[in-house]
Amino acid sequence: MTARIFRKEFSELLQSGQYLWSSIVFLLLLVAGLYNGIGYYKVEKGRRDLAAEATYRQWLEQGEKNPHSAAHYGFYAYKPVSPLAVLDKGLDDYLGVTTWLEAHYQNETEARSVTDKLGLSRFGDLTIGLLLVFFAPLFIVLLGYNLVSSEKENGTLRMIFSTRATSARLLWGKSLALLAAVAVWLAVSLGIMVVVLVLLGVSLSHVLLPVLIVFLALLVMYAAISAGVVALSAQSNGSATALVSGMAIWMLAAILIPRLNGSVTERVFPAPSAFAFQQMIDHDKESGVDGHSPASERNKAFREEVLRKYGVDSISQLPVNFSGLSLQTGEEDGNKVYDKNYSALYATLQQQDKLMAGLSLLSPLAATRNLVFGFAGTDLHRHEAFVQQAEIKRRTIQKLLNEDYAYGGAGKTAYTRGEDLWGQVSNFRFQEPAVSVVAGQQVLNMLVLMVWLLLAGVLLVFSAKKLKPFSA
Amino acid sequence: MIRTIIRQDWWMIRQHFLYKLLTLVFGVCLLLALWNGNGIYQSKMKTHAAIDSIARQQPVDHLQQVKAIEETGVYTGSPFSDPRAPYAVATHYAARYITYSLHPLAKWNTGQSDIQATYYKVTASKRQALLVNEEIANPQVQFTGYFDIAFVIIYLLPLFVIGFTYNISAQENEFGTLRMLLSEPVSITKIIAVKFVFRFLLTSVLLWTLLVLLALVSKVPLHDGRWFQFAAGAGCYTLLWFGVSWLFNACSRKNSGTTASLLAAFWLCFIVLVPGIINMIATGRYPMPSRIDLITQTREAAADISKKNSDVLGKYLQDHPELVSDTVGMNYNDFAVKAFTAVVETEKITAPLRNLFDEQLGSQQKIAATLGYCSPALVLQQSFNYSAATHEDDFRAFKEHVGTFFTKNRTFHTNRIISQKRFTSEELSSLPEPGAFEVADTKKNTYIYFVLFTMVCLLSGWVLMKRRLY
């Protein structure tokens, strides 16, 4: 019986004027989102690929110089744009795209495009993700608000109950029909996007699994919302009340709660200011990570240790270049300072993210948005992976150059090297986190979605019990 | 008769649970927004206070260090750290801090203050050092935007108005009281109009009272004109939404669901969609150059210059003939001389690309200013940003102020580095100092726009109402 109700409702929905108009609006928004996404991906990919090649060429062609001068010259690591940024560029505008790998400093990532944008960009860009996560639920409300209430208003509910249909079967059938109608849009949107990505030269195997997961996550969210809307329609006194309540809940979930989440989170777990962060780094560099080892004492102790190790009385007698050794020790001390401070900073950001994910229990839309950003590769986790990989690269380069200086430059007043050494450093290649790693980061958001699906199911069952023939 | 309508409407408002709920939610949202905005503001002020303290202490410490060396005549440190050496002074000891004084209204409207730098550390080093001085913030929070009072007014106030008015016209039909009203000697249009005016006045009194109370609680000055600009903008926006609601009530007089749908569609379109479309048009027409390209070009230019470094000082001296008369002691191969003259030359080469950022942003802004009138939310946001001094124009002016000082400071120190003369304690008082930055008091008269928009809605609605389709 549920299947029959489903078929009847689905067919009626597809033939309705509401569905036709909603589909036209949805398609127009999809085209705009796709246009934005493709434009962003193509331009950014071209820019970053060219810049990555250029910076490495500049590194190789920097000419003969001391390895430490080369270490200061350094080069830039570029974060490649994720192909699924076509789906949603997420936090990309708010995150830097490159970091300068140079001696002594773990530099912040640079080139956040949001600082070069107008204030109106804060209203948000139109992306496929925005359409699927925020607007599609509104369409579900508009398509489903009167699925049961109109049966009551038209007096057809008694007729339905005179057949073998029970209230539970009726509501399940209608919910599934509503879900199927929206799932058509979802499948079309993601299908077109995948075809476009393949035409852009992206490997299908690279994007298929994340797209499938996004599809399933959105399907779960739509299922929860469809069930919720049908339950609301069954509970309401009339279609108008169902519509107004549905839209109010959508506005709450789409606009109010995500914004409130972020703001509350930042107040509960405040991050240090850039100024305070720099001061902490300067302080630790000067006093050591334990706070009791001044730089001058550390330098003195290291010098004595090296002299003792080589059994000589002065630096000039050393069989190695002391500056090279000292630079590497300085790097290692600096690394400890950066590890300590960046770990604390990222721990704070992760606490914020966890709290935000927890608070998204109040809105399935916020949880789904985070999940889409994660699988699209436009969230903070991927950025952190980039920062970590770039820093590992920086440290590898510094070690190579300092050791060359220490062991190759012994006894030479003007030690220089050329492309043969610079060529030993490979260009930076970002290793994309595996889908399983991304899935691990999104467990909380997935759980939130499942909780919402469960709640919606319970609500539907509850509504079915309350829906009696005499309510018609 | 008007009194009777108002009395009945007031009774109905008091009875209706939805209205009480809406008022409560709106009030709670304003309080939450204030708590949040205040937290962000206080955190910034704390940082600024720490910076101001260092900015005051740094010249004092520098002077003491130089005096100590002059008194003893002994300096044992590295030549790169000598507090008298022009290079060390230029890059370290003469660092100056400039902060942007946030107006207390920034508690109500974060605007662009979370994205744009509100403080700079200026030394005579590379210009790039100015650009990477960005604040640490969770990008997800910045992406979503802050829950401040401006957000509550721009996004939620219209929903409050919609909830308060969506069924004024249709409820008589839905409650079955329409026939009774039609038998009265007063026109139905007049009854609806009186209810609208009454509810608008009620909302305005509530809004203005809340804004005065919030100003008193959050110590926002009521007298300097900025608060009034903010409050008047919010008031006009309320008027506009009542006008829009009047129009849609006139369009659909029998079904409040349809009125609510139309109002929600308008809200969605003009608050969420239109700004995104305008942004798309502006950035599509005048695309921004990339900071990535600037990095690549800067390094290309620097590499070219380092290959012909001996010419660079000559070029610099051509631009600064005042230095040519005193070339004794100049060392063309000095590291600092080479580095500074090379940076100046590199910046000359990259200046066109750097300037392109401002040019494109200016062009985008012109388009946005014209098309922005399509969205009342956008107009109000701009007005709020100006009144709270958190507009992109304010931060651009601040950046220019910093840039002007940077140029003056760098010219001074580059000349000093080239002349290779150490600083004495007396000379330290002649180091360039940044003046305080004065935030412009920009007044954007947007009231006419809101009033005109409302008039159009009211007149159109009046015509539709008069068609008497009951």
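Here is the naming used below: chain letters follow the sequence lines, and residue numbers restart at 1 for every chain. Remember, predicted model here, so these are calculated numbers, not experimental data.
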In terms of heavy-atom proximity below 4.5 Å to chain B, should [X] be classed as side chain, backbone, both, or neither?
X: A/Leu380; value: side chain
X: A/Phe75; value: both
X: A/Gln62; value: neither
X: A/Leu345; value: side chain
X: A/Phe269; value: neither
X: A/Ala51; value: both
X: A/Asp116; value: both
X: A/Ser273; value: both
X: A/Leu243; value: side chain

Apply side-chain contact (heavy atoms from CB on, under 4.5 Å) to B/Leu159 and A/Met251, showing your working.
CA-CA 9 Å; B/Leu159 301 180; A/Met251 283 165 185; 3.1 Å; yes
Step by step, would you call A/Asp93 with B/Phe143 a side-chain contact (heavy atoms from CB on, under 4.5 Å)?
CA-CA 8 Å; A/Asp93 283 350; B/Phe143 168 81; over 6 Å; no
Looking at chain A, which one of [options] has the largest number of heavy-atom pairs inside 4.5 Å, strictly under?
options: B/Ala377, B/Ala33, B/Gly372, B/Gly39; result: B/Gly39
options: B/Val25, B/Val274, B/Asp114; result: B/Asp114
options: B/Gln360, B/His391, B/Gln381; result: B/Gln381
options: B/Thr259, B/Ile40, B/Asp148, B/Leu268; result: B/Leu268
options: B/Leu32, B/Ile54, B/Val152, B/Thr390; result: B/Ile54
options: B/Gly145, B/Cys29, B/Gly163; result: B/Gly145

Output the distance between atom [atom1] ([X]) and atom [atom2] ([Y]), rounded to the nearest 0.5 Å.
X: B/Ile277; Y: A/Asn36; atom1: CD1; atom2: CG; value: 10.0 Å
X: A/Arg267; Y: B/Ser43; atom1: CZ; atom2: OG; value: 9.0 Å
X: A/Ile255; Y: B/Phe147; atom1: CD1; atom2: CZ; value: 11.5 Å
X: A/Thr115; Y: B/Glu392; atom1: OG1; atom2: CD; value: 12.0 Å

Which heavy atom in A/Leu256 sits nearest to a heavy atom in B/Phe151, and how many Å separate them?
CA-CZ, 4.4 Å
List the atom of A/Arg47, the atom of B/Pro289, and the distance in Å for their closest heavy-atom pair.
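The pair with the smallest heavy-atom distance is NH2-C, 4.0 Å.
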Are any non-hydrogen side-chain atoms of [X] and [Y] less than 4.5 angstrom apart?
X: A/Asp353; Y: B/Asn138; answer: yes
X: B/Gln140; Y: A/Thr265; answer: no
X: B/Ile292; Y: A/Val97; answer: yes
X: B/Leu273; Y: A/Leu126; answer: yes
X: A/Met247; Y: B/Ile162; answer: no
X: B/Thr144; Y: A/Met356; answer: no
X: A/Arg57; Y: B/Glu300; answer: yes
X: A/Tyr94; Y: B/Val141; answer: no

Out of [options], return the one with the most heavy atom pairs under 4.5 angstrom to chain B.
options: A/Phe134, A/Phe135, A/Tyr35; result: A/Phe135
options: A/Pro270, A/Ser263, A/Gly262; result: A/Ser263
options: A/Asn261, A/Asn370, A/Val43; result: A/Asn370
options: A/Gln352, A/His383, A/Gln279; result: A/Gln352

Does A/Arg259 make a cation-pi contact with B/Tyr155, if we ask for NZ or CZ under 6.0 Å from the ring centre and within 45° of the axis?
yes
So for [X], is it side chain, backbone, both, or neither that comes closer than 4.5 Å to the heavy atoms of chain A?
X: B/Asp293; value: side chain
X: B/Trp267; value: side chain
X: B/Phe395; value: neither
X: B/Met280; value: side chain
X: B/Ala302; value: neither

Please check this pair: side chain of [X] against backbone of [Y], looking for a donor-acceptor N/O pair closer than 3.5 Å.
X: B/Arg299; Y: A/Tyr73; value: yes
X: B/Tyr119; Y: A/Phe275; value: yes
X: A/Gln58; Y: B/Thr296; value: yes

Would you indicate whether A/Lys65, at its atom NZ, is surrounded by more than 12 heavy atoms from other residues, nucleotides or ligands within a distance under 6.0 Å?
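Yes, the 6.0 Å shell around NZ holds more than 12 heavy atoms from other groups.
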